[in-house]
Amino acid sequence: RTKGALCPKGLAATQLVYAPDRLKHPLKRVGERGEGKWERISWDEALTFIAKKLKEIRKKYGPQALSVYRGQASDWGSAWHYVIRFMNVFGSPNICTVGHICHYPRVLGGVSTYGVMRLAPDYENSKCIVLWGANPPGTAEGGLRVGQIFNAKEKGAKLIVVDPLLTAMAAKADLWLQLRPGTDCALALAMINVIINEELYDKEFVDKWVEGFDKLKEHVQQYTPESVEKITNVKADLIREAARLYATIKPACLYDGNAVDHQINSVQTTRALAILRALTGNIDIPGGDLIPTMIPTVDIRLMDRLPKDVKPVGDYPLMFQYRHLPAPAVIDAILTEKPYPIKAMIVQGGNLAVVLANVTKTREALQRLDLLVVMDLFMTRTAELADIVLPAATSFEKTGLTAYPAARTPFVLLEQKVIEPIGEAWPDWKFWFELGRKLGYKEEFVWEDVEEAIDEQIKPSGLTVDQLKKGPVFLPVTYKKYEEKGFNTPSKKVEFYSKLLEKYGYNPLPTYVEPPETPISKPDLAKRYPLMGVCWPRDVYVHTQHRNIPWLRMFEPEPSVRINPKDAEKRGIKDGDLVEASSPRGSIKVKAIITERVPEGLVAFVWGWGETDPEADLNRLTNDADRDPIAGSTSNRLFLCEIRKV
Ligand SMILES: Nc1nc2c(c(=O)[nH]1)N[C@H]1C(S)=C(S)[C@@H](COP(=O)(O)OP(=O)(O)OC[C@H]3O[C@@H](n4cnc5c(=O)[nH]c(N)nc54)[C@H](O)[C@@H]3O)O[C@H]1N2
Ligand SMILES: Nc1nc2c(c(=O)[nH]1)N[C@H]1C(S)=C(S)[C@@H](COP(=O)(O)OP(=O)(O)OC[C@H]3O[C@@H](n4cnc5c(=O)[nH]c(N)nc54)[C@H](O)[C@@H]3O)O[C@H]1N2
Ligand SMILES: [Mo]
């Protein structure tokens, strides 16, 4: 599929797998928490210790006192279901993730609007492509996709990019909507306003498949291009032009990226974008946004084993359905012991001491746990605080199932182990199987290994592991799947007025809210912190990872902040100067890069360096106090700050 091309991380994979600092055997803390004194133990000793501690904690506080934090590096195929299975059997609902700032606001926007978690843009067959808060060249959504976008462009497709920074894609765009960060919802509502009022919408689709059109029409009248220009800084005429282009060129697709998740109005923002797709009739048509095809599987999560009366922490019922409790809600519960104490956490494939907004608070919470277990490739900032550290196998050292339906051509793939694990590293699945058995769940974890488990899971599809070993299985691409049974919503239609959100007491119509920390919402604070901090698009690293990989470090040797020449001049900052950036939460030191790719008033930080250098940890600056009411999203890329030369 990549025609032989590999991304830098793929090319440097040997340096990751054979990195000298990889964890090679289980470790037990012997000194004070965080002191860095460890004793080597065996896997059996580690599991025995964890099981004993968990039983004590369960006896004293109840099973819900155990939480799991699952990071983005673990397998999200079959292995994710083993964690949920384990927790359901143990009796705890408290599985938390970074879902609140990654993917799940967009999932809930889709589910509440058209009953689909994520649509897949069909770039190659599209005549108009919208990239909204996404930067494919740098991210996984890119790779293959950038080629598809440029192929479409060569055939005449228009490209619209919505991004506050001059990214590579913005530079190639026909229309670049350089909005004020965090105002995406207003911009989308103004586009809806134009499309409805100028009658550019797909009448046939709307008449037949949409519920709540009139309510939406009335609701968006307040979002005129002129009034929204004042909110977004995007000229009213440009908003009109973009709306007309997107609505009149068919087919069109719209991909929304991670930027819309990092807002405290994240779900309503993604809902407005979901409505745009439906309003223009671009759902599940060639060149539009496709509904994924899933293979039938057995639900192995044992969902009914969790006692009904055990409530998760935080008030996020829709996130809980997917077992993606926002991690900050668990952090709060650890610190306040409300609604009840959380005393243990198992962390797998994640680095929450660096990735959550306001990490100072996160670290304080982790210090308070009675038991912290971290399974990782390396001794991370989170692992440093643990009682038990466990060595994880990389993706090259384990087998897993990837059913990746949100792709233009849906496929099922067996990620196959290519080498034996290094040292005593274990695949993530094995930890759950063995810990389950240690706790006496022999019937629930009967599988010898993961292949057996996958075979059971995919049985209804008629596929087998042996068959998948020969290569991925591609599923047929089909269109307008909703014509058969309707959409998976209460009304079986696309719900511009969401009955699901209404039922849970949320706003059923997407509505703009000014971000909590801007010069407009906090004018007094902005006198001390006049700049808006945002995140520079991701590039060669993944999050907090990979700075220890020499070939990757060459691309980007040190942490930095990009700043507009005018803002730099005002502060006497020159290119390459070391600067201190501070926000109401803390301060960091990074190198200044002066560039016009960042507009005046904004500064763009490369995030993720906190693992390598805590003095450069961007999440010391970010704010966790304000959250999206539905998904619990924090604004990890929007906060007030000030910069000065060190
Ligand atoms: N300020 C700011 N904060 C952000 C973001 C931002 O843009 N700005 N982005 C947010 C987003 S979108 C995300 S997804 C999160 C990421 O949050 P996390 O997923 O918590 O962060 P990672 O740094 O990817 O941590 C992954 C860890 O897993 C380890 N690892 C790798 N492979 C394996 C494996 O197979 N098994 C196990 N057990 N461990 C493995 C790695 O060594 C690494 O330590 O960060 C969020 N935080
Ligand atoms: N190389 C690499 N690839 C990755 C990752 C990685 O760390 N490294 N992480 C993976 C993960 S977990 C994720 S979630 C994805 C994320 O991948 P994408 O969805 O592509 O997101 P980002 O690159 O974080 O940011 C996209 C754009 O958002 C813009 N932006 C910032 N604030 C705003 C705003 O308020 N509004 C709008 N409209 N735009 C804004 C930024 O300028 C940036 O260009 O990438 C995945 N792929
Ligand atoms: Mo993410």
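First listed ligand is number 1; within each ligand, the first listed atom is number 1. From a predicted model like this one, the values you see are computed outputs, not experimental measurements.
- Among pairs with a residue in residues 353-363, those fulfilling side chain to side chain donor-acceptor pair (under 3.5 Å) read Asp332-Lys361, Asn358-Asp624, Lys361-Asp624, at least two apart in sequence or across chains.
- Heavy atoms of Leu179 approach ligand 2 to within less than 4.0 angstrom.
- Each of the following atoms of ligand 2 lies closer than 4.0 Å to a heavy atom of Gly133: 26 (C), 27 (C), 28 (O), 37 (C), 38 (N), 39 (N).
- Residue-to-ligand polar distances place Asp184 within reach of ligand 2: an N/O pair is separated by less than 3.5 Å.
- Near Leu165, with a cut-off below 4.0 Å to any heavy atom, the atoms of ligand 2 are 42 (O).
- Checking Glu415 against Thr402 by side-chain atom types alone, a donor-acceptor pair falls below 3.5 Å.
- The Asp163 neighbourhood of ligand 2 comprises atoms 27 (C), 28 (O), 29 (C), 41 (C), 42 (O), 43 (C), 44 (O), with distances under 4.0 Å to a heavy atom of that residue.
- The side-chain heavy atoms of Glu642 and Ser583, taken from C-beta on, include no pair separated by under 4.5 Å.
- For Arg180, the closest heavy-atom approach to ligand 2 does not fall below 4.0 Å.
- A donor-acceptor pair shorter than 3.5 Å can be found between the side chains of Thr382 and Asn351.
- Proximity to Asp539 (heavy-atom distance under 4.0 Å) selects the following atoms of ligand 2: 1 (N), 2 (C), 8 (N).
- Residues Asn135 and Asp163 have side chains that never bring a donor and an acceptor to within less than 3.5 angstrom of each other.
- In this structure, the side chain to side chain donor-acceptor pair (under 3.5 Å) partners of Glu558, at least two apart in sequence or on a different chain, are Lys591.
- Tyr223 and Tyr512 have their aromatic ring centers separated by at least 6.0 angstrom.
- The 4.0 Å heavy-atom shell around ligand 1 contains residues Tyr69, Gly71, Gln72, Ala73, Val98, Ile101, Cys102, Asn258, His262, Gln348, Gly349, Gly350, Asn351, Val355, Met375, Asp376, Leu377, Phe378, Thr380, Ala392, Ala393, Lys398, Asp428, Cys535, Arg538, His543, Thr544, Gln545, Trp607, Leu618, Asn619, Asn636, Arg637, ordered by chain and number.
- At least one donor-acceptor pair closer than 3.5 Å links the side chain of Asn619 to the backbone N or O of Val354.
- Ring orientation note: the planes of Trp80 and His324 are tilted relative to one another, at an angle of 30° to 60°.
- Distances below 4.0 Å separate heavy atoms of Thr167 from the following atoms of ligand 2: 44 (O).
- Applying the salt bridge (charged side-chain N to carboxylate O under 4.0 Å, His left out) definition to pairs two or more places apart or across chains, those involving residues 416-434 are Arg40-Glu424, Lys398-Asp428, Lys417-Glu420, Glu434-Arg437.
- Contacts between Thr183 and ligand 2 below 4.0 angstrom, taking non-hydrogen atoms only, are absent altogether.
- No donor-acceptor distance shorter than 3.5 angstrom exists from the side chain of Trp536 to the backbone of Val561, with no hydrogens or angles considered.
- Every atom of ligand 2 with a heavy atom of Gly182 under 4.0 Å away is listed here by number and element: 34 (C), 35 (O).
- Counting the atoms of ligand 2 from 1 in the order shown, those under 4.0 Å from a heavy atom of Gln263 are 35 (O).
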